[in-house]
Amino acid sequence: MSARIGVAVGLLLAAVALSQRLTDIPLQQQAEIRAVIEAQLAAFQQDDAVRAFSFAAPGIRQKFQTPERFLQMVQQGYLPLYRPTRVEFAAIGLYQGIPTQVLIVTDGEGVRYRAYYLMERQPDRSWKIAGVYLEPLPEEAPPKSA
């Protein structure tokens with residue numbers, strides 16, 4: 001229980017730190033990052049595995065190898081991102097030196113999640129998604145069964 005509280009406090013502090021560092025990422029780059037995330041979310045809505053996979057950073061692409069495997073992973077482990085009913089862009093900034101965009105997403109059952117998108121700048125100056133950490137918001141977390 002105390003470890004869970006520690007994780008929640010740590011994530012809260014990270015979100016606060018991000019919100020205080022908006023100037024760490026220039027506005028143009030913030031817009032570019034948002035566009036990449038929006039495009040991937042749109043590709044998920046259309047079940048366009050190839051397009052969704054195209055926004056993944058090389059490490060993610062290497063890990064999953066094919067667009068179909070990538071989409072299957074999203075469907076199984078990131079359903080709130082695969083089929084959100086609402087998406088809100090929140091803080092963006094550097095977290096441990098990594099450009100990170102925070103989103104608040106709502107799933108089909110009305111449960112809200114915080115998504116941390118870790119972004120990676122490519123040699124061609126484009127942005128790719130290097131990973132996503134997804135957590136239910138504390139007040140929305142379903143109760144654990146005994």
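Excluded from the calculations below are hydrogen atoms, water molecules and symmetry mates; all remaining heavy atoms, backbone and side chain alike, are included.
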Could you state the interatomic distance from [atom1] ([X]) to [atom2] ([Y]), rounded to the nearest 0.5 Å?
X	Y	atom1	atom2	value
Thr100	Ile25	OG1	CD1	7.0 Å
Leu71	Gln75	CG	CD	4.0 Å
Arg34	Met119	CZ	CE	12.5 Å

Do the side chain of [X] and the main chain of [Y] share a donor and acceptor less than 3.5 angstrom apart?
X	Y	result
Thr85	Thr106	yes
Ser126	Asp124	no
Gln101	Ile33	no
Gln65	Gln62	yes

Could you tell me if the side chain of [Y] sits less than 4.5 Å from the side chain of [X], heavy atoms only?
X	Y	answer
Ile92	Tyr117	no
Arg69	Thr66	yes
Gln40	Arg51	no
Glu38	Leu41	no
Arg114	Pro136	no
Ile129	Val36	yes
Leu94	Pro99	yes

Passes side chain to side chain contact (heavy atoms under 4.5 Å, CB included), Trp127 versus Gln122? Steps please.
CA-CA 6 Å; Trp127 289 97; Gln122 302 303 299; over 6 Å; no

Would you name the heavy atoms of [X] and [Y] that are closest together and state the gap between them?
X	Y	answer
Leu134	Ala115	CD1-CB, 3.8 Å
Ala43	Ala52	CB-N, 3.5 Å
Ala57	Ala130	CB-CA, 3.7 Å

Strictly below 4.0 Å, N to O, side chains only: are [X] and [Y] in salt-bridge contact?
X	Y	value
Glu32	Arg125	no
Arg86	Asp107	no
Lys128	Glu120	no

Apply side chain to side chain contact (heavy atoms under 4.5 Å, CB included) to Leu103 and Val132, showing your working.
CA-CA 10 Å; Leu103 275 65; Val132 178; over 6 Å; no

Cluster link Val50 to Leu81, ILVMFWY, side chain under 4.5 Å:
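Different clusters.
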
Evaluate the side chain to side chain contact (heavy atoms under 4.5 Å, CB included) criterion for residues Tyr133 and Val102: first the C-alpha distance (whole Å), next the side-chain angles of each, then the deciding distance (0.1 Å), finally the verdict.
CA-CA 10 Å; Tyr133 177 75; Val102 180; over 6 Å; no

Identified ring pair (Phe, Tyr, Trp, His ring centres under 6.0 Å) partner of Phe53 from the options Phe70, Phe44, Phe64
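Passing option: Phe70.
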
side-chain hydrogen bond (donor to acceptor under 3.5 Å, both in side chains) between Glu135 and Tyr116: does it pass, once the steps are laid out?
CA-CA 9 Å; Glu135 65 175 353; Tyr116 298 88; 3.2 Å; yes

Carefully, step by step, assess Arg112 and Glu88 under the rule side chain to side chain contact (heavy atoms under 4.5 Å, CB included).
CA-CA 10 Å; Arg112 293 172 10 118; Glu88 304 167 47; 3.5 Å; yes

